[in-house]
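Positions are given from 1, in the same order as the sequence printed here. In each ligand, atom 1 is the first atom listed, and ligand 1 is the first ligand listed.
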Amino acid sequence: MLEHDVIIVGGGLAGCRAALEIKKLNPSADVALVAKTHPIRSHSVAAQGGIAASLQNVDRDDDWKAHAFDTVKGSDYLADQDAVEFLTKEAPEVIIELEHLGVLFSRLEDGKIAQRAFGGHSHKRTCYAADKTGHAMLHELVNNLRRNHVKIYEEWYVMELILEDSPLINPPQPPFVRGEIEKPLVRGEIEKPFVREEMEKPTKEAKGVVMFNIHDGHLQVVRSKAVMFATGGYGRVFNTTSNDYASSGDGLAMTAKAGLPLEDMEFVQFHPTGLYPVGVLISEAVRGEGAYLRNSEGERFMARYAPNQMELAPRDITSRAIVTEIRAGRGINADGSAGGVYVHLDLTHMGKEKIMSRVPFCWEEAHRLVGVDAIYEPMPVRPTAHYCMGGIPVNTDGRVRMNGNKLTEGFFAGGECACVSVHGANRLGSNSLLECVVYGRRVGRSIANYILDRTMPEIDEEKYLQANEKRIQDLLNQEGDTRINSLRQNFQDAMTEHCGVFRTEEVMTEGLKQIRQLIAKYGQIFLDDKQRQWNTELVEALELQNIIIVGEMILTSAIHRQESRGAHSREDYPTRDDRNFLQHTLASYSPEGVTVEYMPVVVTMFEPKERKY
Ligand SMILES: Cc1cc2nc3c(=O)[nH]c(=O)nc-3n(C[C@H](O)[C@H](O)[C@H](O)COP(=O)(O)OP(=O)(O)OC[C@H]3O[C@@H](n4cnc5c(N)ncnc54)[C@H](O)[C@@H]3O)c2cc1C
C-alpha cells in the first residue's frame, strides 16, 4: 500500500495551489497529487478571461467591499458572506503571489497588471493574460510543484474515496453565526442550526483513495492523513458544454457514494456565449472588451433585460435573455433569416488591433471551429453548460461537512468541486480562478496544520482492492447491447432538455423518469476493449457512472427548489422566495433515490434585496 501524509486528487489550479501551500509551510510533509490527466491538461488551463481582485490599477475607487457586494448580489444572495469576505479580502495578495511565482499577466502602459471589465462587476478588476489566463497560471503552478518536490501521479484514475466511521467527535461548527443583520425567516426544520444529538455522534473520516493506473491497468490503495478533492466540474452532464472531456464530476459522485451530501447542485451556470454549434467558450472578456449581442433584427437586445449593464449583465440574466430571444423567434439561421437557434456576438466595430491583442484566442476559436472571421463578421453563439456553483460542502478552511451540524475528519475539498459557498446561485465571471487560488491556499494551510497531530490511519487494503477489482472485471465481462457513447448521449440529451436554462416541475419530473430508465441500462453496457492497458473505454464507463449520479442529484435538487434564484429559473415559480428558500440544499444519494435537506445561509454584511442591473 502506498502512503503519503497528504493525497490531493486533482491537478488543476485548486489542487496545485493547495499542494504548494502545504510544502511552503511544512517542507518535510510528504504531499502527493494525483490526476487522471496530465496536470497541465486540467480544465483550468482553458480558462480565458481572467481573475478578479480589487488591485485598483485601473479603478482607484474599487475595494474588497465593492467586490464582495458584487459577488453577493451576483449570487442572488445565496453566497455565504463570511466565505465571500475571505475571497475578496485575500484577492489582491494572491495575485501578487502569483506574479512572484512567475505568472505573466498582461500590463498597463505604466507596467502595472492590467484589469478589464467583467459581467456583474461594478469596477474594472479582472486581471488577465490576454485570453489565456488559466494557461499562464497553471503552467507556473505546476512548475512550482516540481520545484517543491510534490510527488505527481499523472494519468491515474481515482475510483473510490475511502471514508469510514470515525471514533472522533468533532466540536460543533459555528458556521451560522450571523452579524447584525436580521436574517429572513427560514423553513421550520432548519431554524435550529445545531441539533445536539447529531453533534454528539461520532463522525466519518477519510483515510485514503483507491486509484487505477490508466497506463497498465493496476489498482493501488493510497492511505494518507488527509485527503483533498480538487476534481473540478461536471460540464459533461450536459450535451453542450464549454468543459473538457474530463469534467465528469468524479469527485462529486465519489463523495456522494461515500454517503456525504452535496450542496446546491441545482445551480448550474449556463455561459451565454458558447460558440454554436460546438459549445466551446467564447470568453466574457470579449464582451468586457466591448462586443455586442444582437438578435435577428440586428438589435442589441440586452437593453430590454439589463438596461444599465447591457452585455455585461451577470451570466444567468444574459443566458435567459438569449434563450428568450430565440424562443420569441428572434434567433438567427445560417442564411441570416430569423427563427434560428443562436444569436450574434458582434466584434466587428472593435477593430483588428484590439481583437488580436486582447482576445486573440477567441478569434482563433471561431475561425478554426466554425469558419468565422470575427474581424469582419459576427460569431454565432448560444448558452452552453459551463460551471458548477454547488459541490462538496466545506467550511472556510476547506473541511468537508458531514451535514449542517458537523465536519468529517481528514477530508478536504477546494476549487470548482467544492461549495464553500462564494458563488451562491450564480457565479460572477473571473471569481472562479480566484476561488481556486484563495481557497486553494486556505485549504493548503488548514491541511498543513491538520496533519501535525494526526497519525496514519489503518486501512483493510485487501477489502478495497477486491471491491474495485470486481467493479472493473464486472464491466469488462458484461455482455450487453448498450454502447457507452449512445447511453451517455441519451443521458446528456435528457438532462439538457429537462434541466436547462428554464425549468418547470412537469418537465423536470419527466426528466427524472427518463434518466431513471437510462440508469437501468447501465448494467447492459458492452465494452469492445477488454484489455487492462490504456483502456480509455473502461475509464469512460466509470466516468459515465459518475455523470449519471451527478445528473440525478442536480435534477432532484432542482425539483425541490420551488423558486427562481440566480441560475435556477423556474417558470412555475418565477420569483425568489427568501422566506422558504434563502438556504442551501443538501442532497444525499442512494441507489434508491436522492433525498434533500436544507442548511442556513450565512448573512453578515449585505441584506438580501431585489437584484437589478
Ligand atoms: C473554457 C473555460 C473558461 C473559463 N474561464 C474562466 C475565467 O476566465 N475566469 C474564471 O474565474 N473562471 C473561468 N473558468 C472556470 C475555471 O476555469 C474553473 O472553475 C477552474 O479552473 C477549476 O479548477 P479546479 O482546480 O477546481 O479543477 P480543474 O482545473 O477542472 O481540474 C480538475 C483536476 O481533477 C482531476 N480529476 C478529476 N477527476 C479525477 C479522478 N477521478 N481521478 C484523478 N483525477 C481526477 C483532473 O485530471 C484535473 O487534474 C473557465 C472554465 C472553462 C471551462
Side-chain angles (χ1 to χ4, degrees), residues 7-18 33-53 116 118-119 126-129 131-138 141-142 152-161 209-214 228-236 241-254 269 271 273-275 279-285 288 315 361-362 365 384-389 391-392 413-418 423 427-437 439-440 443 539 542-543 545-546:
I7 182 105
I8 297 175
V9 185
L13 285 173
C16 290
R17 187 65 192 82
L33 182 144
V34 42
K36 64 180 175 178
T37 54
H38 186 285
I40 286 179
R41 298 199 60 217
S42 304
H43 187 62
S44 294
V45 84
Q48 301 175 349
I51 173 165
R116 58 165 54 127
F118 241 71
T126 298
C127 312
Y128 56 93
D131 52 359
K132 297 172 185 163
T133 313
H135 188 274
M137 289 168 61
L138 191 61
L141 282 174
V142 172
I152 300 177
Y153 293 93
E154 62 196 40
E155 292 171 335
W156 283 76
Y157 182 85
V158 173
M159 292 180 64
E160 186 179 356
L161 165 70
V209 296
V210 183
M211 58 190 202
F212 171 78
N213 184 315
I214 301 176
M228 175 185 177
F229 272 11
T231 49
Y234 58 53
R236 291 283 147 195
T241 175
S242 65
N243 287 192
D244 72 358
Y245 285 96
S247 300
S248 50
D250 296 344
L252 298 165
M254 282 188 275
Q269 179 160 82
H271 193 291
T273 56
L275 188 65
V280 306
L281 188 74
I282 299 298
S283 172
E284 194 167 291
R315 293 177 177 171
F361 183 64
C362 292
E365 275 183 327
T384 184
H386 182 59
Y387 185 81
C388 147
M389 262 84 67
I392 303 169
E416 187 168 342
C417 73
H423 310 301
R427 168 174 79 89
L428 294 188
S430 69
N431 266 354
S432 168
L433 294 185
L434 181 63
E435 179 188 7
C436 287
V437 282
Y439 278 93
V443 181
V539 174
L542 295 168
E543 286 176 340
Q545 209 172 43
N546 293 331

Examine ligand 1 and decide if any of its atoms is less than 4.0 Å from a heavy atom belonging to Gly429.
no
Identity and distance of the protein heavy atom lying nearest atom 11 (O) of ligand 1
Leu433 N, 2.7 Å
So for Ile51, does at least one of its heavy atoms come nearer than 4.0 angstrom to any atom of ligand 1?
no
Could you check if a side-chain atom of Tyr387 sits within less than 4.5 angstrom of a side-chain atom of His423, using non-hydrogen atoms only?
yes
Is the backbone of Gly50 close enough, under 3.5 Å, to the side chain of Thr126 for a donor and an acceptor to pair up by distance?
no
Please tell me if the side chains of Glu154 and Pro39 come closer than 4.5 Å, counting only heavy atoms from C-beta onward.
yes
Of all protein heavy atoms, the one nearest atom 6 (C) of ligand 1 is Ala47 CB, 3.5 Å
Side chain or backbone, does Ser42 bring an N or O within less than 3.5 Å of an N or O on ligand 1?
yes
Using a 3.5 Å cut-off on N or O atoms only, is Gln48 in polar contact with ligand 1?
yes
Heavy-atom side-chain contact between Ser432 and Gln269 under 4.5 Å:
no
Test your reading of the structure: does Val9 have an N or O sitting under 3.5 Å from an N or O of ligand 1?
no
I'd like to know if Ser283 contacts ligand 1, where contact means a heavy-atom distance under 4.0 Å to any ligand atom.
no
Whether the side chain of Asn243 engages the backbone of His386 through a donor-acceptor N/O pair (distance < 3.5 Å, no angle test) should be reported.
yes
Of Leu138, Thr231, Val539, Thr133, which has the heavy atom at the shortest distance from atom 32 (C) of ligand 1?
Thr231
Which of the numbered atoms in ligand 1 are under 4.0 angstrom from any heavy atom belonging to Tyr157?
41 (N), 42 (N)
Can you list the ligand 1 atoms lying under 4.0 Å from a non-hydrogen atom of Asn243?
53 (C)
Any atom of ligand 1 sitting under 4.0 Å from a heavy atom of His386?
yes
Taking both backbone and side-chain atoms of Glu416, is any N or O found less than 3.5 Å from an N or O belonging to ligand 1?
yes
Please state whether Gly134 comes within less than 4.0 angstrom of ligand 1, counting heavy atoms only.
no
Is there side-chain contact between Met137 and Val437, with at least one heavy-atom pair below 4.5 Å?
yes
Looking at Ser247, Ala14, Gly10, the heavy atom closest to atom 35 (C) of ligand 1 belongs to Gly10
What residue and atom, counting heavy atoms only, is the protein's closest point to atom 53 (C) of ligand 1, and at what distance?
His43 NE2, 1.6 Å
Step by step, would you call Glu543 with Tyr245 a side-chain contact (heavy atoms from CB on, under 4.5 Å)?
CA-CA 10 Å; Glu543 286 176 340; Tyr245 285 96; over 6 Å; no
Protein residue, atom and distance nearest to atom 27 (O) of ligand 1, heavy-atom basis:
Gly232 CA, 3.3 Å
Is there a heavy atom in Ala46 that sits closer than 4.0 Å to ligand 1?
yes
Any heavy-atom pair between the side chains of Leu141 and Arg17 that's under 4.5 Å?
yes
Holding to side chain to side chain donor-acceptor pair (under 3.5 Å), I want the full list of residues that pass it with His43, two or more places apart in sequence or in another chain.
none
For ligand 1 and Gly415, I'd like to know whether there is a polar contact (N/O to N/O, distance under 3.5 Å).
no
Does Ser247 reach the side chain of Thr241, with side-chain heavy atoms less than 4.5 Å apart?
no
With a cutoff of 4.0 Å, is Ser430 in contact with ligand 1, counting heavy atoms of the residue only?
yes
Under 3.5 Å between some N or O of ligand 1 and some N or O of Leu13?
yes
Should you measure from each heavy atom of Ala230, which atoms of ligand 1 turn up under 4.0 Å away?
32 (C), 33 (C), 34 (O)
Mind checking what makes ring-ring contact (aromatic ring centres under 6.0 Å, His included) contact with Phe229, not counting sequence neighbours?
Phe411
Kindly confirm or rule out an N or O of Gly233 lying under 3.5 angstrom from an N or O of ligand 1.
no
Residue, atom and distance of the protein heavy atom nearest atom 46 (C) of ligand 1 read Thr37 OG1, 3.9 Å
Counting non-hydrogen protein atoms only, what is the nearest one to atom 7 (C) of ligand 1? Give residue, atom name and distance.
Gly50 O, 3.7 Å
Using only atom types and a distance under 3.5 Å, with no angle test, would you say the side chain of Lys132 pairs donor to acceptor with the backbone of Phe361?
no
Note: ligand 1 atoms sitting under 4.0 Å from heavy atoms of Gly11 are 33 (C), 48 (C), 49 (O)
For Glu154, state whether at least one heavy atom is located under 4.0 Å from any atom of ligand 1.
no
Quick test: of every protein heavy atom, which one is nearest to atom 28 (P) of ligand 1, and how far off is it to 0.1 Å?
Ser44 OG, 3.8 Å
Within the distance-only criterion (no hydrogens, no angle test), does the side chain of Ser242 pair as donor or acceptor with the backbone N or O of Leu281 below 3.5 angstrom?
no
Numbering the atoms of ligand 1 from 1, which are under 4.0 Å from a heavy atom of Trp156?
42 (N), 43 (C)
4.5 Å side-chain heavy-atom contact, Asn431 and Phe118:
no
Does any N/O atom on Val158 come nearer than 3.5 Å to any N/O atom on ligand 1?
yes
The residue among Asp250, Leu161, Val34 that forms side-chain contact (heavy atoms from CB on, under 4.5 Å) with Val9 is Val34
One finds that the ligand 1 atoms under 4.0 Å from a non-hydrogen atom of Ser242 are 1 (C), 53 (C)
Under 4.0 Å from any heavy atom of Asp250, which atoms of ligand 1 are there?
38 (N), 39 (C), 40 (C), 41 (N)
May I ask you to list the atoms of ligand 1 that are less than 4.0 angstrom from any heavy atom of Tyr387?
19 (O)
Side-chain donor/acceptor of Glu365 to backbone N/O of Val280, under 3.5 Å
no
I want to know if ligand 1 touches Gly49 in the polar sense, i.e. an N/O pair below 3.5 angstrom.
yes
For atom 36 (N) of ligand 1, grab the closest protein heavy atom and report residue, atom and distance to one decimal in Å.
Lys36 CG, 4.0 Å
